[in-house]
Amino acid sequence: MEPVTLTTPRLLLRAVGPQDTDAVYAAVQDPDIQRWTTIPSPYLAEHARSFTEQMVPDGWSEGSMFTFGVFLPTGGLAGMLALTMRSLGTAEVGFWTAKEHRGHGYTAEATLAAARWAFTRMAIDRVEWRAEVGNHASRAVAERTGFTVEGTLRSSLNNKGVRRDCWVGSLLPSDLGLPSAAPYLPAPAQA
């Protein structure tokens with residue numbers, strides 16, 4: 001699949017490429033991004049090159065991972081967001097926000113735009129969010145976007161060779177007032 005570009009009132013979401021390598025490398029030097037995400041640490045220039053020149057284009061062409069750089073109208077990189085296909089109709093969202101752009105709601109805005117695109121254009125019926133327990137900033141973005149936090153999965157996330165507990169949540173098309181691609185039959189309420 002060819003990469004798509006999405007816009008919101010404040011943002012441009014597009015695939016990153018070689019022209020963005022330096023901006024990605026600089027942003028990911030932030031210790032918080034390296035701590036809470038599964039990217040390599042230390043994050044080297046060759047990691048950024050591999051990401052922008054191979055991983056992102058391969059994900060789009062294979063339909064396995066749809067990565068968007070989150071850009072401001074000025075062209076500055078505010079963050080990164082990816083939807084990774086996990087199973088038929090299910091994608092997992094992952095994101096990070098550049099340190100200087102935190103607290104402005106950019107990542108929640110980008111996540112909502114990407115989820116709407118996935119629900120309406122990709123026949124995805126469930127977007128999952130996972131974050132290591134303790135990553136309160138990621139959880140705040142998920143909750144602000146409308147995700148339902150479903151619980152804690154023990155030893156479910158491997159971050160730099162260490163198994164960790166993680167929170168998990170979901171966003172469904174119906175949460176955004178959109179139809180599902182496949183019928184959904186929720187469990188009956190417990191008495």
Side-chain angles (χ1 to χ4, degrees), residues 4-16 23-24 27-28 30-39 56 59 65-87 89-153 156-157 159 164-181 184 186:
V4 301
T5 298
L6 306 174
T7 58
T8 73
R10 302 185 299 162
L11 304 169
L12 174 73
L13 282 67
R14 65 164 174 80
V16 292
V24 169
V28 177
D30 175 24
D32 285 336
I33 293 174
Q34 292 188 31
R35 162 62 183 94
W36 293 111
T37 68
T38 58
I39 63 167
V56 171
M65 183 171 64
F66 309 106
T67 303
F68 297 94
V70 179
F71 292 91
L72 300 173
T74 60
L77 178 66
M80 196 67 55
L81 180 144
L83 292 169
T84 303
M85 297 306 298
R86 293 295 180 211
S87 62
T90 301
E92 181 179 336
V93 67
F95 46 75
W96 55 257
T97 308
K99 185 174 188 172
E100 63 273 18
H101 297 298
R102 292 183 189 139
H104 301 287
Y106 297 141
T107 304
E109 187 174 322
T111 300
L112 191 57
R116 284 185 183 282
W117 169 77
F119 293 148
T120 60
R121 301 286 185 242
M122 299 301 296
I124 291 173
D125 284 322
R126 178 179 167 90
V127 175
E128 292 184 348
W129 158 85
R130 295 171 192 254
E132 184 179 330
V133 170
N135 189 344
H136 295 284
S138 181
R139 185 172 177 145
V141 168
E143 290 176 340
R144 202 171 305 123
T145 306
F147 281 77
T148 297
V149 177
E150 297 171 331
T152 301
L153 303 176
S156 181
L157 188 141
N159 190 350
R164 301 170 190 265
D165 295 347
C166 75
W167 292 315
V168 63
S170 68
L171 187 68
L172 306 178
S174 58
D175 296 332
L176 303 180
L178 298 170
S180 294
Y184 168 49

*Heavy-atom closest pair, residues Gly146 and Asp175*: O-OD2, 4.3 Å

*Compare all side-chain heavy atoms of Glu132 with those of Asn159 and state whether any distance is below 4.5 angstrom.*
yes

_I need the Leu171 CG to Thr111 OG1 distance, nearest 0.5 Å._
9.5 Å

*Supply the atom-to-atom distance Thr5 OG1 to Phe71 CZ, rounded to the nearest 0.5 angstrom.*
10.0 Å

*Quick one: are Met80 and Val16 in side-chain contact, heavy atoms under 4.5 Å?*
yes

*Would you give the length of the straight line joining atom CE of Met122 to atom CG of Leu83, rounded to the nearest 0.5 angstrom?*
9.0 Å

*Side chains of Val133 and Arg164: does their closest heavy-atom pair fall under 4.5 Å?*
no

_I'd like to know if Asp30 pairs up with Arg102 as an ion pair, taking the criterion as any Lys NZ or Arg NE/NH1/NH2 lying under 4.0 Å from an Asp or Glu carboxylate oxygen._
yes

*Can you check whether Asp125 reaches Phe119 side chain to side chain, under 4.5 Å on heavy atoms?*
no

*Check step by step if side chain to side chain contact (heavy atoms under 4.5 Å, CB included) holds for Val149 and Glu143.*
CA-CA 8 Å; Val149 177; Glu143 290 176 340; 3.7 Å; yes

*Looking only at non-hydrogen atoms, find the nearest pair between Pro173 and Pro179 and report the distance.*
CB-O, 3.5 Å

*asked:* Set out, in order, the CA-CA distance, both residues' side-chain angles and the distance that settles side chain to side chain contact (heavy atoms under 4.5 Å, CB included) for Val28 and Ile39, then state yes or no.
replied: CA-CA 9 Å; Val28 177; Ile39 63 167; 2.7 Å; yes

*Measuring from Arg14:CZ to Leu11:CG, what's the distance to the nearest 0.5 Å?*
12.5 Å

_Atom of Ala78, atom of His101 and distance for their closest heavy-atom approach_ = CA-CD2, 3.6 Å

*Taking the six-membered ring for Trp and the single ring otherwise, decide whether the centroids of Phe68 and Trp117 are under 6.0 Å apart.*
yes

*asked:* Return the CG to OG1 distance between Leu112 and Thr8, rounded to the nearest 0.5 Å.
replied: 9.5 Å

*Answer with yes or no whether the side chains of Thr148 and Ser170 bring together a donor and an acceptor at under 3.5 Å.*
no

*Could you tell me how the ring of Trp129 sits relative to the ring of Trp167: parallel (under 30°), tilted (30 to 60°) or perpendicular (over 60°)?*
parallel

*asked:* With heavy-atom distances below 4.5 Å as the criterion, would you say the side chains of Leu77 and Val24 are in contact?
replied: yes

*Any side-chain heavy atom of Thr120 within less than 4.5 Å of one from Leu178?*
yes

*Just wondering, do Thr107 and Trp96 contact through their side chains at under 4.5 Å, heavy atoms?*
no

*Is it true that a side-chain atom of Ser174 and a backbone atom of Gly177 form a donor plus acceptor pair closer than 3.5 Å?*
no

*Please report the closest heavy-atom contact between Leu81 and Ala114, naming both atoms and the distance.*
CD2-CB, 3.6 Å

*Does the pair Glu92 and Val127 meet the rule for a side chain to side chain contact (heavy atoms under 4.5 Å, CB included), with working shown?*
CA-CA 5 Å; Glu92 181 179 336; Val127 175; over 6 Å; no

*Which distance, rounded to the nearest 0.5 Å, do you find between the CZ of Arg86 and the CZ of Arg130?*
7.5 Å

_Between Val4 and Arg121, is there a side-chain heavy-atom distance shorter than 4.5 Å?_
no

*Do side-chain atoms of Asn135 reach the backbone of Cys166 as a donor and acceptor pair under 3.5 angstrom?*
no

*Do Tyr106 and Leu72 pass the side chain to side chain contact (heavy atoms under 4.5 Å, CB included) test, and can you show the C-alpha distance, the side-chain angles, and the key distance before you say yes or no?*
CA-CA 9 Å; Tyr106 297 141; Leu72 300 173; 3.5 Å; yes

*Does the pair Arg116/Glu109 count as a salt bridge with the N-to-O cut at 4.0 Å?*
no

*Any luck finding a side-chain donor-acceptor pair between Glu128 and Thr90 under 3.5 Å?*
no

